[in-house]
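Taking it in order: structure first as structure tokens, then the write-up.
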There are 2 protein chains.
Amino acid sequence: MPRPTPGGPQAGEPARTHALAALRQAILIGDVAPGQRLVEEELAGLLGVTRASLRAALIDLTAEGLVERVPNRGARVRVVSPEEAVAITECRTALEALCAVKAAQSVTDDEAAQLRELGGNLALAVSEGNPLKYSELNRELHRQIGVISGQSVAVSLLERLDAQIVRHQFQLALRPGRPEQSLAEHLAIIDAVAGRRPADAEEATRRHLNSVIEQLRAAGEAEGPVSPDTGP
Amino acid sequence: MPRPTPGGPQAGEPARTHALAALRQAILIGDVAPGQRLVEEELAGLLGVTRASLRAALIDLTAEGLVERVPNRGARVRVVSPEEAVAITECRTALEALCAVKAAQSVTDDEAAQLRELGGNLALAVSEGNPLKYSELNRELHRQIGVISGQSVAVSLLERLDAQIVRHQFQLALRPGRPEQSLAEHLAIIDAVAGRRPADAEEATRRHLNSVIEQLRAAGEAEGPVSPDTGP
DNA sequence: CGCCGCCAGATTGTCAACAATCTCGTTGTG
DNA sequence: CACAACGAGATTGTTGACAATCTGGCGGCG
């Protein structure tokens, strides 16, 4: 299942941007497994760029928290333990609560309408039993609230954190019954923000993410209480 | 005043690590002015490393938010506007509140004693009228609470954010009367955390950082309501 | 029989040179 | 006199090769 990487020879204009985008996508999609070694020359060949360009991309991804690098020993896809996923989600709670408050204070009528429409689509995805679509709309909702809040700093932090736990989030969305529970919490957030009730929005956001943390803990204990090494 | 950079030829062992540390230090200390262009070849010569190594360091610093890079146009020291400083501090509020709560929940007797000692030193620095020392202890306090909280994710985010606004923080500490006000707020935080009162700790932290935001706003309007371009 | 040091392969870190792109001053034209 | 195209200089992006470091297995010694 952990196939090496996808191959995208290269576009015409950009150069190392291509490597960066391709690698990031490969990691997020899961084409390269967490813990897998990322050998510079090999990847450079696959992506059609030189080692230096790919190296720069690796540095960028390291800064994004998607790759771990140890000085003379190479890079590998970062593996986030369930405990780290919880810690990350706790930070997300703090930041998203901030965004929710600000969004509820400054939301326009158009934005409120957009949010409610998104809520409708979320409900639709649940009733269809389509967890992929739901997961996608979920991320879209959180992103949208960030945009409405105008807190670009918080949004960029949240994007980084989100990217690090997409795998966990995705896995959560597949748990039976989870989308239903999540939906109610999301609708509460939407209602509070669209209704311009900052305190409610904060409360609903905290409730939702605390529920996510609970689920992460449960999933973590169920799957891997201990974390041995990922193969060399 | 914006002298080019300090020169540290190079240590014996590390290589681009040297460039990274030296450049970061130069930016934080203020040896290179915000907005100043960072020409690769020039800096490489000053630091005694090759352009490739320095380039990697620039990429790292870009990820840390200390440097801005535009594709074919070079890098310059990032300038954070007063508005951005406020937004950053709002994020800090959210994250430090989280840390304060967690720290108040898990603080040990030894750690509580350390905090109180730090509080004493803060008071001492104020009574001495030593803003530099106060500013340093201030940062130490925030860092210490982060460590006690055990929220390593939040701490690393806070370190990034802090680094981006050291200049503003430092400038604030120099405003007359500011240390006195800040001291009271800090002591309240220390008391709440050391006294294991999470709710109080969160409240005190928010109060303190909101006060910082107010000061940032005031300083921002006083100094530069508009922000023209920093010289080429 | 087990442990220590050493050698070969592989991988990362570094370097100097080449090509592409941009900035800015100059020149020619309407 | 103003504007636009042009080109020299400077700066970044990229390339391929070289040196330093690490991994893992082999042989010698206790």
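Naming convention: chains lettered A, B, ... in sequence-line order (proteins, then strands); numbering from 1 in each chain. On a predicted model such as this, the values are computed, not experimentally measured, just so you know. Just so it is clear, the values below take in all heavy atoms, side chains as well, and ignore hydrogens, waters and symmetry mates.
Remark: Ser53(B) is not in phosphate contact with dG13(C), judged by side-chain N or O atoms under 4.0 Å from OP1 or OP2. Taking 4.0 angstrom as the limit, Arg37(A) places none of its side-chain polar atoms (N or O) nearer than this to OP1 or OP2 of dA10(C). At dG13(C), one or more side-chain N or O atoms of Arg55(A) fall inside 4.0 Å of OP1 or OP2 (strictly under the cut-off).
Distance, His18(A) NE2 to dT15(D) P: 12 Å, rounded to whole Å. Following rounding to the nearest Å, Arg73(A) (CZ) and dG13(C) (P) show an atom-to-atom distance of 12 Å. Atom CZ of Arg69(B) and atom C1' of dT21(C) are 14 Å apart (whole Å). The distance between atom CG of Leu54(A) and atom P of dT15(D), rounded to the nearest whole Å, is 11 Å. One interatomic measurement links the two molecules: CG of Leu58(B) to P of dT11(D), which rounds to 14 Å at whole-angstrom precision. Atom CD in Glu41(A) sits roughly 14 Å away from atom C1' in dG13(C) (whole-Å rounding). Here the C1' atom of nucleotide dT15(D) and the CG atom of Leu47(A) are 17 Å apart, to the nearest Å. Nucleotide dC15(C) holds its C1' atom 15 Å from the CZ atom of Arg16(B), rounded to whole Å.
With sequence neighbours excluded, no residue forms a ring-ring contact (aromatic ring centres under 6.0 Å, His included) with His168(A).
For Val39(A), counting side-chain heavy atoms from C-beta on, the closest listed nucleotide (dT12(C), dT12(D), dC15(C)) is dT12(C). Proximity note for Thr50(A) (side chain, C-beta onward) versus dT15(D), dA16(C), dT21(D): the nearest is dT15(D). Distances were taken from every side-chain heavy atom of Arg51(B) (C-beta onward) to each of dA17(C), dT15(D), dC15(C); the shortest belongs to dA17(C). Across dT12(C), dG16(D), dT21(C), the shortest atom-to-atom separation from the side chain of Glu40(A) is found for dT12(C).
Side chain of Gln25(B) to backbone of Ala22(B): no donor-acceptor contact under 3.5 angstrom is found.
Scanning both residues, Ala87(B) and Val153(A), for their nearest heavy atoms gives CB-CG2, 3.8 Å.
With a 6.0 Å radius and a threshold of 12 heavy atoms from other residues, nucleotides or ligands, Glu41(B) has its CD atom at or below the threshold. Surrounding CZ of Arg175(B) are more than 12 heavy atoms belonging to other residues, nucleotides or ligands, all under 6.0 Å away.
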